[in-house]
2 protein chains.
Amino acid sequence: MSETISEAPAFRPLYVQVRDTLLKRLISGSWTPGMMLPSEFQLAKELGVSQGTVRKALDAMTAEHLLLRRQGRGTFVALPEEGRILFKFFRMVADGGERLFPLSQIVGRGRSKASAADCARLALPAKAEVWWIDRIRQLGGKPVIFERIRLPVSRFPQLGDMADIPNNVYALYSEEFGITIGKAEEKLKAALVDEAAASHLGCEAGRPVLIIERVAMALDDTPIEHRLSTCLTDECHYQAEL
Amino acid sequence: MSETISEAPAFRPLYVQVRDTLLKRLISGSWTPGMMLPSEFQLAKELGVSQGTVRKALDAMTAEHLLLRRQGRGTFVALPEEGRILFKFFRMVADGGERLFPLSQIVGRGRSKASAADCARLALPAKAEVWWIDRIRQLGGKPVIFERIRLPVSRFPQLGDMADIPNNVYALYSEEFGITIGKAEEKLKAALVDEAAASHLGCEAGRPVLIIERVAMALDDTPIEHRLSTCLTDECHYQAEL
DNA sequence: CAGTGGTCTAGACCACATA
DNA sequence: ATGTGGTCTAGACCACTGG
């Protein structure tokens with residue numbers, strides 16, 4: 001009879017190990033966005049595996065939008081601006097179907113003690129501090145989204161010194177703080193607009209709004225950003241494919 | 001200078017052709033849900049390609065949840081009941097995090113002339129007819145969703161004869177009408193509950209609700225079902241990963 | 001042209017399920 | 001023990017890009 005020790009699965013395919021190795025280079029920043037990777041053959045030689053195995057790892061990472069491969073050119077670390085990748089993180093669309101990138105206007109910033117809920121969502125110790133950023137976003141020329149972003153001060157130490165916050169904050173996280181957002185989770189509810197949002201969006205009280213709560217994760221799955229968006233959906237909608 | 005004729009890409013990799021061949025068998029119904037496919041080697045021999053090429057086609061279809069592969073057992077046509085596949089088509093989740101399959105109660109059925117909007121959404125000719133089904137769905141013991149489904153009569157000729165409609169309509173489409181839903185598109189808005197939904201959900205007027213409009217497509221991308229869901233989101237939410 | 005990724009093949013061996 | 005899918009390799013050739 002074999003031992004009844006509860007063993008870990010413990011079988012990790014080679015290409016998964018290769019993927020992890022390459023992912024570490026992205027996380028550590030030794031490969032930075034836009035950079036071209038060594039060719040499949042070079043990586044295979046360096047890691048002591050076959051080219052097919054490297055390819056399988058690269059293909060998996062490409063499917064996650066971490067890399068970008070172009071036949072004849074090479075394999076590149078994905079940029080946070082890369083058009084369709086930002087689709088991934090912005091699902092509000094004008095009813096007409098136009099794909100617009102919403103402009104933002106910062107209406108408030110600050111630093112405060114994280115609430116218990118924030119600590120839980122961002123996996124922070126008690127008494128941690130967070131930056132908060134309030135902004136309004138426009139879709140069809142009208143302000144339709146009011147959102148409040150919270151970021152752990154520990155991860156973004158110099159954020160308070162920055163004169164202004166760009167429209168594309170994920171590019172900011174990447175370029176200024178070396179943090180790449182890999183995925184996010186969103187929860188949607190309908191509610192009546194609250195006072196703060198109503199005043200910023202210039203709408204009357206009692207309007208129904210779409211509330212989107214997002215937690216965005218870094219490549220190593222650490223929660224990085226919490227974002228609460230309040231959206232007027234008269235002329236736009238949240239679009240999903242399944 | 002070369003000609004400026006806009007040429008079709010025209011290069012179709014072998015594994016894409018294999019995928020198309022296999023997909024046709026699913027669409028035509030010669031392979032039915034739950035059925036085990038021939039092994040990779042048998043398919044390779046039959047189609048005159050290598051096993052690796054067949055594998056690539058099967059992997060692609062598995063990624064689309066059309067097939068299910070289990071090591072040591074075989075490759076199977078996905079069943080519409082297959083737990084996680086229905087995740088794909090049901091994103092409303094109780095706030096606690098419990099994954100529940102919502103019970104349904106039919107509150108009305110009928111046949112009527114399709115509106116112009118219905119014809120557009122379902123790609124039907126003018127004056128086409130549709131079945132409509134109204135039902136209420138429960139999540140935490142409480143009715144939280146009122147939905148109206150519209151289906152083209154031309155695709156579901158005998159639907160009127162059926163005594164009742166099961167909870168899982170996608171299984172019904174598959175088993176009784178040979179139509180497999182492959183994907184869907186959803187658009188979400190917030191609104192105030194209308195009279196019909198309020199009376200069915202037993203809530204007061206003026207409540208904010210999440211409106212989900214879905215168009216579901218068959219394997220060949222033909223639109224099959226239009227569904228308008230009205231959801232109370234006090235104790236549940238719509239969940240998305242990106 | 002050389003260098004890159006993309007496809008395809010053939011074969012070996014491993015992990016898993018079932019009988 | 002057998003048959004399935006899963007991994008890994010090695011090598012050939014195709015398609016695309018840029019100098």
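Labels below follow one simple rule: chain letters A, B, ... track the order of the sequence lines, proteins then strands, and each chain is numbered from 1. This is a predicted model, so every value here is computed, not measured.
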Atom pair distance, as rounded to whole Å: CZ in A/Phe76 and C1' in D/dC16: 13 Å

Ionic contact status for A/Glu225 with A/Arg155, cut-off 4.0 Å: no

So, does A/Ser39 get its side chain near the phosphate of C/dG3, meaning an N or O under 4.0 Å from OP1 or OP2? no

Value in whole Å for how far the P atom of C/dT9 lies from NZ of B/Lys45: 16 Å

Strictly below 4.0 Å, N to O, side chains only: are B/Arg137 and B/Glu147 in salt-bridge contact? yes

Check this for me: does any side-chain nitrogen of one of B/Lys189 and A/Asp95 sit under 4.0 Å from a carboxylate oxygen of the other? yes

Assuming nearest nucleotide by heavy-atom distance, tell me which of B/Pro38 and A/Gly48 is located more 5' along DNA chain D. B/Pro38

Should the pair B/Glu213-B/Lys187 be classified as a salt bridge under the 4.0 Å nitrogen-to-oxygen rule? no

Tell me the closest heavy-atom pair linking B/Gly34 and B/Phe76, and the distance in Å. O-CD2, 3.8 Å

Side-chain ion pair, A/Arg25 and A/Glu46, N-O less than 4.0 Å: yes

Enumerate all atom pairs, one protein N or O and one N or O from nucleotides 6-8 of chain C, separated by less than 3.5 Å.
from: C/dG6; atom 1: OP2; to: A/Arg55; atom 2: NH1; distance (Å): 3.3
from: C/dG6; atom 1: OP2; to: A/Arg69; atom 2: NH1; distance (Å): 3.2
from: C/dG6; atom 1: O4'; to: A/Gln71; atom 2: NE2; distance (Å): 3.3
from: C/dG6; atom 1: N7; to: A/Arg55; atom 2: NH2; distance (Å): 2.9
from: C/dT7; atom 1: OP1; to: B/Tyr15; atom 2: OH; distance (Å): 3.2
from: C/dT7; atom 1: OP2; to: B/Lys56; atom 2: NZ; distance (Å): 3.0
from: C/dC8; atom 1: OP1; to: B/Leu14; atom 2: N; distance (Å): 2.2
from: C/dC8; atom 1: OP2; to: B/Leu14; atom 2: N; distance (Å): 3.2
from: C/dC8; atom 1: OP2; to: B/Tyr15; atom 2: N; distance (Å): 3.0

Rounding to an integer number of Å, can you tell me how far A/Phe41 CZ sits from C/dG3 P? 13 Å

Please determine if a side-chain N or O atom of A/Arg73 lies less than 4.0 Å away from the OP1 or OP2 oxygen of C/dG5. no

